[in-house]
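All ligand and atom numbering here is 1-based and tracks the order in the structure.
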Amino acid sequence: MDFDYDLFVIGGGSGGVRAARVAAGGAGAKVALAEESRYGGTCVIRGCVPKKLMVFASEFAPMVEDGRAYGWDIRENGLDWGQFRGKLEAELDRLEGVYRKLLAGSGVETFDQRARLADPHTVELADGTRKTARHILLATGGRPLRPEMENAALGITSDDIFHLDRLPRSILIVGGGYIACEFACILNGMGVEVTQYYRGAQILRGFDDEARGLISEEMRQNGVDLHIGTNIIGMEEADGGVRVKATNGTERVFEKVMFATGRVPNTDDLGLSGLGVDLGRRGEVLVDAYSQSSVPSIYAIGDVTDRLNLTPVAIREGMAFVETVFRGNPTPVDHDRVATAIFTQPEMGTVGLSEEAAAEQGPIEVYCTSFRPMRTAFAGRPDRVLMKLVVCADTRRVLGCHIVAPGAGEMIQLAAVAVKLGATKEQFDQTVAVHPTVSEELVTMRDPVRKV
Ligand code: FAD
């Protein structure tokens with residue numbers, strides 16, 4: 001059977017763009033891609049990139065304070081949000097242009113509209129046009145989820161935060177995951193009065209307990225009014241913002257309320273249910289190790305599969321898909337020991353198992369140190385950092401590395417190479433320290449703080 005294309009990709013985000021480019025440019029396939037919004041997807045338009053630029057913008061306040069403590073004469077007038085937002089929008093426009101150019105340069109035909117599946121080999125575009133393809137790749141990502149409660153529409157989500165006309169005086173952030181915590185720190189750094197409610201017992205569920213404990217302490221110390229074990233029970237419009245009733249018995253008006261209460265895969269209205277594509281409990285496309293769905297011509301990568309929702313993972317999955325389908329080299333995606341950073345203040349970098357998860361697998365030794373780093377201690381700030389290695393007592397391999405410190409995201413990328421290679425604690429110790437740095441502690445922790 002003749003098809004219009006070898007591959008039709010739905011979604012022009014991190015995973016979809018990479019898969020389309022590599023399939024067309026590298027593997028010589030005839031490829032089309034449909035994107036209903038902006039090219040670059042969540043990462044470029046409303047995720048990693050604008051968020052990191054906001055992180056940078058928010059970090060100048062403590063830097064100015066430290067500068068003064070070091071003897072600089074600095075005058076400060078606060079952040080000009082309008083100026084920053086203008087530059088941010090220009091940068092996102094530039095990046096979107098780069099993505100469009102990359103696709104065109106690889107010979108990918110693009111359709112700027114929504115797409116859905118009509119059958120296992122046919123894509124229907126919003127204007128009614130139908131295109132056939134030997135393979136269809138779903139790379140439609142996910143979207144923020146508001147809680148199901150009355151007046152939930154009064155709250156904004158992370159998608160809206162980049163478009164605020166002005167910074168609010170106060171904001172309530174609901175949620176305890178990494179997006180909630182990052183925006184609590186960003187907005188706090190920008191001078192907004194931040195309150196955070198999280199219904200669980202501690203923020204950053206799933207990460208190492210000691211690391212998340214330190215982050216929550218530091219967030220509070222930096223001015224975030226963090227309430228754990230607390231949730232919203234009602235909200236209504238009020239003079240000056242939104243009146244929020246909480247489970248802790250309080251009733252307060254916040255200028256803005258932001259929900260960071262989870263994300264769901266974009267599989268609604270994709271036409272999947274009639275085709276026999278198996279979906280999981282949260283609506284994610286269920287795929288095998290090669291990203292193939294239950295319908296052989298349909299593959300899915302990235303957040304729509306809800307495996308490990310990170311940009312570099314979506315990109316890897318896209319490349320593995322092309323290797324498997326267009327280069328005849330079946331390549332499963334390796335999701336083991338993927339390092340990740342949380343851009344709170346202080347940052348966290350983590351790879352491998354938390355102490356709690358490792359202890360469930362067998363006997364471990366824990367090497368851990370927490371101290372006041374030289375740079376901020378000199379400025380008189382009480383900030384602490386944490387360096388932690390979780391080591392298998394039998395094999396001596398480092399099973400997990402957790403860093404809470406400024407620059408932890410940069411540090412963990414490098415530590416992750418050693419952890420991925422299966423380095424032992426003794427091999428860490430054989431590495432001579434770089435002095436004076438914060439990260440030198442990773443190779444100088446001699447005795448375990450505990451054996452579990
Ligand atoms: P997406 O990038 O979401 O792209 C999907 C695209 O498909 C979108 O452009 C959408 O418009 C389009 N689409 C959807 N349905 C259709 C349709 N029917 N027809 C046509 N087009 C459609 N990850 C990190 O690694 N590091 C970070 O620091 C980080 N920070 C984040 C911060 C925030 C606030 C958020 C929300 C996410 C963050 N992420 C981060 C996660 C990261 O952005 C995602 O994992 C990544 O973008 C997933 O890529 P994807 O290709 O699966 O989907």
Side-chain angles (χ1 to χ4, degrees), residues 8-21 32-55 92 95-96 99-100 110-117 123-127 136-145 156-162 173 175 177-184 186 258-272 283-285 287 291 299-319 321 338-344 347-350 409 412-413:
F8 199 110
V9 181
I10 305 184
S14 309
V17 168
R18 178 61 66 93
R21 274 177 55 208
L33 182 147
E35 168 55 57
E36 67 169 338
S37 173
R38 296 185 64 185
Y39 287 77
T42 303
C43 170
V44 176
I45 305 298
R46 47 192 170 271
C48 329
V49 173
K51 173 198 80 185
K52 190 77 190 277
L53 289 168
M54 279 180 82
V55 169
L92 302 189
L95 289 172
E96 188 184 3
Y99 271 74
R100 278 182 183 276
T110 50
F111 298 93
D112 292 0
Q113 45 185 311
R114 190 170 171 79
R116 66 194 304 280
L117 271 69
V123 172
E124 184 177 272
L125 297 167
D127 66 5
I136 293 171
L137 180 66
L138 305 173
T140 50
R143 62 181 187 282
L145 182 71
I156 61 171
T157 68
S158 63
D159 283 358
D160 310 305
I161 203 88
F162 309 108
I173 296 185
Y178 82 94
I179 293 176
C181 295
E182 288 179 342
F183 281 105
I186 288 170
M258 174 180 157
F259 289 115
T261 40
R263 295 177 62 81
V264 279
N266 283 328
T267 47
D268 304 348
D269 304 327
L270 272 183
L272 300 180
E284 73 277 19
V285 181
V287 289
S291 297
Y299 287 73
I301 55 166
D303 287 9
V304 75
T305 62
D306 201 20
R307 286 176 279 183
L308 198 47
N309 297 337
L310 293 168
T311 285
V313 175
I315 289 173
R316 281 288 167 106
E317 289 168 357
M319 285 171 27
F321 157 77
V338 173
T340 180
I342 301 189
F343 296 101
T344 39
E347 246 171 65
M348 166 149 90
T350 176
I412 203 70
Q413 179 68 83

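Of all protein heavy atoms, the one lying nearest to atom 25 (O) of ligand 1 is Thr311 N, 3.0 Å. Nearest protein heavy-atom contact of atom 14 (C) of ligand 1 is Thr140 O, 3.3 Å. Regarding atom 38 (C) of ligand 1, its nearest protein heavy-atom neighbour is Tyr178 OH, 3.2 Å. The protein heavy-atom contact nearest to atom 22 (C) of ligand 1 is Glu36 CG, 3.7 Å. Nearest non-hydrogen protein atom to atom 51 (O) of ligand 1 is Gly15 N, 2.8 Å. Annotation: atom 19 (N) of ligand 1 to nearest protein heavy atom, Ala115 N, 3.0 Å.
Less than 4.0 angstrom separates some heavy atom of Asn309 from each of these atoms of ligand 1: 41 (C), 45 (O).
Geometrically, ligand 1 and Glu182 share no nitrogen or oxygen pair separated by less than 3.5 Å. Every N/O-N/O distance between Gly47 and ligand 1 stays at or above 3.5 Å. Distances between N or O atoms of Gly40 and those of ligand 1 include no value under 3.5 Å.
None of Leu33, Leu117, Val123 except one satisfies the side chain to side chain contact (heavy atoms under 4.5 Å, CB included) rule with Phe8; the exception is Val123.
Ser291 places no side-chain N or O within donor-acceptor distance of the main-chain N or O of Phe321, the cut-off being under 3.5 Å.
Within the set Ala139, Gly142, Pro144, the minimum heavy-atom distance to atom 5 (C) of ligand 1 is found for Ala139.
Residue contacts with ligand 1, taken as heavy atom pairs separated by less than 4.0 Å, involve Ile10 solely via side-chain atoms from C-beta onward. Residue-level proximity to ligand 1 for Leu270 is carried by the side chain, the only part with a heavy atom below 4.0 angstrom. With a 4.0 Å cut-off on non-hydrogen atoms, Ile179 touches ligand 1 through its side chain and not its backbone. Residue Arg263 touches ligand 1 through its side chain alone, judged by heavy-atom distances below 4.0 Å.
Ring geometry for Phe162 versus Phe183: interplanar angle over 60°, hence perpendicular rather than tilted (30 to 60°).
What you find for Ile179 and Arg263 is that their closest heavy atoms are CD1-CD, 4.1 Å.
For Arg116, the heavy-atom gap to ligand 1 stays at 4.0 angstrom or more. Heavy atoms of Lys52 stay at 4.0 angstrom or farther from ligand 1.
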